[in-house]
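All values derive from a computational prediction rather than experimental measurement. In what follows, chains carry the letters A, B, and so on, assigned in the order in which the sequence lines appear, proteins first and then strands, with residues in each chain numbered from 1.
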Amino acid sequence: MEPSREEKIWQVVFAIPPGCVASYGQVADMAGLGRQARLVGRVLSQLPDGHALPWHRVLRSNGQIAFPEGSERHLQQVALLQAEGIDAGGGRVAMSQYRWQP
DNA sequence: ATCATGACGCCCG
DNA sequence: CCGGGCGCCATGA
């Protein structure tokens with residue numbers, strides 16, 4: 001039984017180290033799923049309870065947080081990023097500075 | 001089967 | 001910066 005696409009995505013996200021970020025597209029690519037960034041977003045939106053995935057380290061390709069500014073999710077994500085020393089001011093992160101590249 | 005929606009991405013004007 | 005279009009995939013009506 002080979003890992004499902006979901007499991008591959010989980011594994012990639014889980015591997016993103018603290019203080020670093022990755023884009024949905026990057027995750028999809030690293031999971032061997034090509035340009036299925038959308039699938040990554042869907043999977044992260046339906047994570048089971050009790051997961052330990054650093055979902056907050058996944059952003060849009062331009063460094064923007066995927067949630068509408070002001071929403072609860074958005075605020076939480078900014079807080080989690082700041083807690084790792086990532087400047088997420090304006091709901092935006094400088095990818096060139098924090099991008100994760102193994 | 002079709003249509004719309006969604007934590008996306010890239011290209012063009 | 002702001003729209004509009006197209007590609008991609010899973011879900012649900």
Side-chain angles (χ1 to χ4, degrees):
Chain A
M1 189 65 188
E2 51 188 76
S4 65
R5 288 178 288 185
E6 253 185 16
E7 296 174 314
K8 290 178 183 173
I9 290 173
W10 292 342
Q11 189 184 333
V12 172
V13 175
F14 192 74
I16 304 174
C20 294
V21 297
S23 70
Y24 293 90
Q26 191 185 342
V27 171
D29 194 44
M30 293 177 71
L33 302 176
R35 10 176 162 38
Q36 298 183 109
R38 217 150 187 149
L39 181 58
V40 175
R42 196 188 80 71
V43 169
L44 289 189
S45 75
Q46 297 179 11
L47 288 174
D49 293 340
H51 65 76
L53 294 183
W55 57 271
H56 56 282
R57 297 178 193 143
V58 184
L59 311 167
R60 285 187 179 162
S61 62
N62 62 2
Q64 276 198 302
I65 285 179
F67 300 102
E69 195 168 350
S71 68
E72 203 44 53
R73 292 290 217 172
H74 181 99
L75 295 175
Q76 184 181 17
Q77 186 162 15
V78 169
L80 289 170
L81 290 172
Q82 301 272 33
E84 294 182 359
I86 297 175
D87 177 19
R92 177 86 182 267
V93 168
M95 291 300 277
S96 56
Q97 188 178 350
Y98 302 103
R99 193 183 198 53
W100 172 47
Q101 9 211 30

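- Residues from residues 47-58 of chain A placing a heavy atom under 4.0 Å of any atom in DNA chain C do not occur.
- The side chain of Leu39(A) lies closest to dA10(C) when the candidates are dG9(B), dA10(C), dA7(B).
- Judged purely by distance below 3.5 Å, without hydrogens or angles, the side chains of Gln46(A) and Arg42(A) pair a donor atom with an acceptor atom.
- The 12-atom threshold is not exceeded at CZ of Arg35(A), counting heavy atoms of other residues, nucleotides or ligands nearer than 6.0 Å.
- Summarising the local packing, CD of Gln76(A) is surrounded by more than 12 heavy atoms from other residues, nucleotides or ligands at distances under 6.0 Å.
- Atom SG of residue Cys20(A) and atom CE of residue Met95(A) lie 10.5 Å apart, to the nearest 0.5 angstrom.
- Within the structure, a side-chain polar atom (N or O) of Arg42(A) is placed less than 4.0 Å from OP1 or OP2 of dT11(C).
- Nucleotide dC2(C) holds its C1' atom 13 Å from the CD atom of Gln64(A), rounded to whole Å.
- Residues from residues 23-32 of chain A that place a heavy atom under 4.0 Å from any atom of DNA chain B, listed by number: Ser23(A), Tyr24(A), Gly25(A).
- Without hydrogens or angle criteria, Arg60(A) side chain to Ile65(A) main chain gives no donor-acceptor distance under 3.5 Å.
- For Arg5(A), counting side-chain heavy atoms from C-beta on, the closest listed nucleotide (dG9(B), dC9(C), dA10(C)) is dA10(C).
- Using a 4.0 Å cut-off on heavy atoms, the residues of residues 66-101 of chain A that approach DNA chain B are Ala66(A), Phe67(A), listed by number.
- Listed for the Arg5(A) side chain is no donor-acceptor partner under 3.5 Å among the backbone atoms of Val40(A).
- Checking side-chain atoms of Gln77(A) against main-chain N and O of Phe67(A) turns up no donor-acceptor pair under 3.5 Å.
- For Tyr98(A) (side chain) and Arg57(A) (main-chain N/O), no donor-acceptor pair under 3.5 Å exists by modelled atom type.
- Taking NE2 from His51(A) and CG from Asp49(A), the interatomic distance works out to 7.5 Å, rounded to the nearest 0.5 Å.
- Listed pair Ser61(A) / dC10(B) meets the phosphate criterion, a side-chain N or O lying under 4.0 Å from OP1 or OP2.
- Atoms CH2 and CD1, on Trp100(A) and Ile16(A) in that order, are 6.0 Å from each other to the nearest 0.5 Å.
- Nucleotides dC2(C) and dA7(B) have their C1' atoms positioned 22 Å apart, rounded to a whole Å.
- Of the listed nucleotides (dC9(C), dA10(C), dG9(B)), dG9(B) has the atom at the smallest distance from the side chain of Ala37(A).
- One interatomic measurement links the two molecules: CG of Leu44(A) to P of dC9(C), which rounds to 18 Å at whole-angstrom precision.
- His56(A) places no side-chain N or O within 3.5 Å of a backbone atom of Leu81(A) that could act as its donor or acceptor partner.
- Residues Arg35(A) and Glu6(A) each lie close to DNA chain C; by heavy-atom proximity, the contact nearer the 5' end of the strand is made by Arg35(A).
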